[in-house]
Amino acid sequence: MKTLLLAALAAGALQGTAAAHQRFIRSVDDNISASYRLMDFHYVEPSDTCALAVCTNAPQTGYFDRESGLIGGFQVSASGLVLRDRVYTRVSYDRTSGYVRYRGYTQSGGLVPDGVSGAVISDYGVRLGAAFLARGVMAVPFLEYGHHAWRRVVGAGTGQAYEEDYRHDFIALGALIQVALTRALVGSIYASAGQTVNPAISVPAYNFSQGLGPAALVKAGASLDWRMSDRLGLYAAFCYTRFSYGQSAAQPSGGLVIMEPQSDTVIASYEGGMRFFFSG
């Protein structure tokens, strides 16, 4: 009898713990949040593309342009579990700005080994998925739509500075896994893959505007949430994004023939911030 009683108490305790963990996952996904974002930005225009179909103009360095550096900014987001916790929703917006190192070439072909470019990068995204929650674990297959914009000031601080504006939408399929590690900690990981939609570039100074062609896009990330109280929590996150732009068509402009080469972009972002929970 004593053994049965102890087993029943243990089972009840486990069920209570699992229920508490599930309540915490629900609260983590029913919040608004704000964070500081540090972005490690890497952009390259490799010279394996023959600009204007003339392969002899490929530079010996192996690239037309390279930019990299750390820039800071913020992210705000809101998420929720709706329709009896069966549907996961999330919207987010982030903006970072600063200066990055530029290594490339002038319009006349002169090498710029240690230049500076200004960068303002903004993104917004919307996720919608089906939520499957059981025993302190939640799985969410989701569909994501978003927009990315990069205002690039080449030659910042010089008399030859000019602005280039890149932009694209994207659509991707992904999956999110969340695990209640304790009653106060939740770990999350996600990954998604899709493609850019309507990528384009414009250069106002040269009256240049062209599409860049869709390409693959991948994203992944991880986060850790710490619940300090019923309403407040802290979190830290890492996000990785990689995408490409295709070569544009050539366009005459002011006696010049301008084109945009193929390029690759890799972004690693580090976030730390606070969440306000709507449910206790």
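Fair warning: this is a prediction, and the values are worked out from it, not measured in the lab.
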[X] side chain near [Y] side chain, heavy-atom distance below 4.5 Å:
X      : Y      : value
Asp230 : Phe277 : no
Val120 : Arg95  : yes
Tyr166 : Pro199 : no
Ile32  : Val76  : no
Ser122 : Arg151 : no
Asn31  : Ser79  : yes
Val186 : Leu224 : no
Asp165 : Pro204 : yes

Same apolar cluster (I L V M F W Y, side chains within < 4.5 Å links), [X]/[Y]:
X      : Y      : answer
Leu38  : Leu234 : no
Leu185 : Phe276 : yes
Leu232 : Trp226 : yes
Leu70  : Phe74  : no
Tyr240 : Leu176 : no

Measure the [atom1]-[atom2] distance between [X] and [Y] for me, rounded to the nearest 0.5 Å.
X      : Y      : atom1 : atom2 : answer
Asp264 : Arg66  : CG    : CZ    : 10.0 Å
Leu81  : Arg86  : CG    : CZ    : 12.5 Å
Tyr36  : Gln75  : OH    : CD    : 13.5 Å
Met228 : Met274 : CE    : CE    : 4.0 Å
Met259 : Gln251 : CE    : CD    : 12.0 Å
Ile25  : Asp225 : CD1   : CG    : 10.5 Å

Would you name the heavy atoms of [X] and [Y] that are closest together and state the gap between them?
X      : Y      : result
Ser97  : Ile71  : O-CB, 3.6 Å
Gly155 : Ala161 : O-CB, 3.2 Å
Phe208 : Ile258 : CE1-O, 3.5 Å
Phe142 : Ala191 : CZ-O, 4.2 Å
Ala139 : Ile177 : CB-CD1, 3.7 Å

Side chains of Asp65 and Tyr43, donor plus acceptor under 3.5 Å: no
Within 6.0 Å of CG in Asn207, more than 12 heavy atoms from elsewhere: no
Whether over 12 other heavy atoms sit under 6.0 Å from Arg167 CZ: yes
Under 3.5 Å, is there a donor-acceptor pair between the side chain of [X] and the main chain of [Y]?
X      : Y      : value
Arg90  : Leu128 : no
Ser117 : Val100 : no
Ser248 : Glu260 : yes

Check against side chain to side chain contact (heavy atoms under 4.5 Å, CB included), Cys239 and Lys219: CA-CA 7 Å; Cys239 306; Lys219 302 179 72 175; over 6 Å; no
Stepwise side chain to side chain contact (heavy atoms under 4.5 Å, CB included) test for Glu271 and Tyr235: CA-CA 8 Å; Glu271 299 170 19; Tyr235 82 98; 3.4 Å; yes
For Val116, the rest of its hydrophobic cluster, which grows through side-chain links under 4.5 angstrom: Tyr99
Qualifying side chain to side chain donor-acceptor pair (under 3.5 Å) pairs, either residue in residues 186-203, two or more places apart: Gln178-Ser188
Candidate list Phe243, Tyr93, Phe170, test ring pair (Phe, Tyr, Trp, His ring centres under 6.0 Å), partner His148, passing option: Phe243
Intermediate values then yes/no, side chain to side chain contact (heavy atoms under 4.5 Å, CB included), Val91 and Tyr124: CA-CA 7 Å; Val91 295; Tyr124 65 78; over 6 Å; no
Evaluation steps, side chain to side chain contact (heavy atoms under 4.5 Å, CB included), between Val140 and Arg127: CA-CA 10 Å; Val140 181; Arg127 288 182 189 171; over 6 Å; no
